[in-house]
Amino acid sequence: MGLEQIIVILLIGLVAGWLAGQIVRGGGLGLLGNIIVGIIGAFIGNFLFGLAGISIGGGILSSIITAAVGAIVLLLIIGALKR
C-alpha cells in the first residue's frame with residue numbers, strides 16, 4: 001500500500017466520520033476519533049451493503065457514502081452502549 005492510498009483512506013475516513021458525527025448528534029469523537037470511526041465504518045458499511053445486495057458504484061463519493069453509513073451505525077451502537 002502506497003502513501004497515496006493511505007492518505008486517501010484517511011481522508012475518506014475523516015469525511016465519513018465527520019458526516020456521521022453531524023448526523024448522529026453528540027456522536028462526534030474529535031478529529032482522530034472521527035477518522036477511526038470513518039475507517040471502521042467503511043468496513044461495516046461494505047459488509048452491510050454486501051449483505052443487502054446494494055451496490056452504489058465505484059469512486060470516492062460512493063466510498064464516502066458507504067463509510068458514512070457504516071460510521072453512523074457504529075456511532076449508534078457506541079451511543080447505545082454508553083447508556
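- Here Ile7 contributes atom CD1 and Ile12 contributes atom CD1; the two are 12.5 Å apart, rounded to the nearest 0.5 Å.
- Residues Ala71 and Gly38 share a closest heavy-atom pair of CB-CA, 4.3 Å.
- The hydrophobic cluster containing Val69 does not contain Leu19, counting ILVMFWY residues as joined when their side-chain heavy atoms lie under 4.5 angstrom apart, directly or transitively.
- Hydrophobic clustering of Ile, Leu, Val, Met, Phe, Trp and Tyr side chains at less than 4.5 Å, counting indirect connections, keeps Ile64 apart from Phe43.
- Here the NZ atom belonging to Lys82 is positioned 13.5 Å from the CD1 atom belonging to Ile77, to the nearest 0.5 angstrom.
- Rounding to the nearest 0.5 Å places CG of Leu76 at 11.0 Å from CG of Leu81.
- The residue from Ile40, Ile39, Asn34 that alone fulfils the side-chain contact (heavy atoms from CB on, under 4.5 Å) condition with Ile36 is Ile40.
- Residues Ile56 and Ser62 share a closest heavy-atom pair of CD1-O, 3.5 Å.
- Leu14 and Ile6 fall within the same hydrophobic cluster, defined by Ile, Leu, Val, Met, Phe, Trp and Tyr side-chain heavy atoms under 4.5 Å apart, directly or through other members.
- When the side chains of ILVMFWY residues are joined at heavy-atom separations under 4.5 Å, either directly or via intervening members, Leu10 and Val8 end up in two distinct hydrophobic clusters.
- Leu61 pairs by the side chain to side chain contact (heavy atoms under 4.5 Å, CB included) definition with Ile65, not counting sequence neighbours.
- Of the inter-residue distances, the one linking Thr66 atom OG1 with Phe49 atom CZ reads 4.5 Å to the nearest 0.5 angstrom.
- By the rule that hydrophobic residues join a cluster once side-chain heavy atoms approach within less than 4.5 Å of another member, Leu74 and Trp18 end up as members of separate clusters.
- Residues satisfying the side chain to side chain contact (heavy atoms under 4.5 Å, CB included) test with Ile23, not counting sequence neighbours, are Ile72.
- Atom CD1 of Ile78 has more than 12 neighbouring heavy atoms from other residues, nucleotides or ligands inside a 6.0 Å radius.
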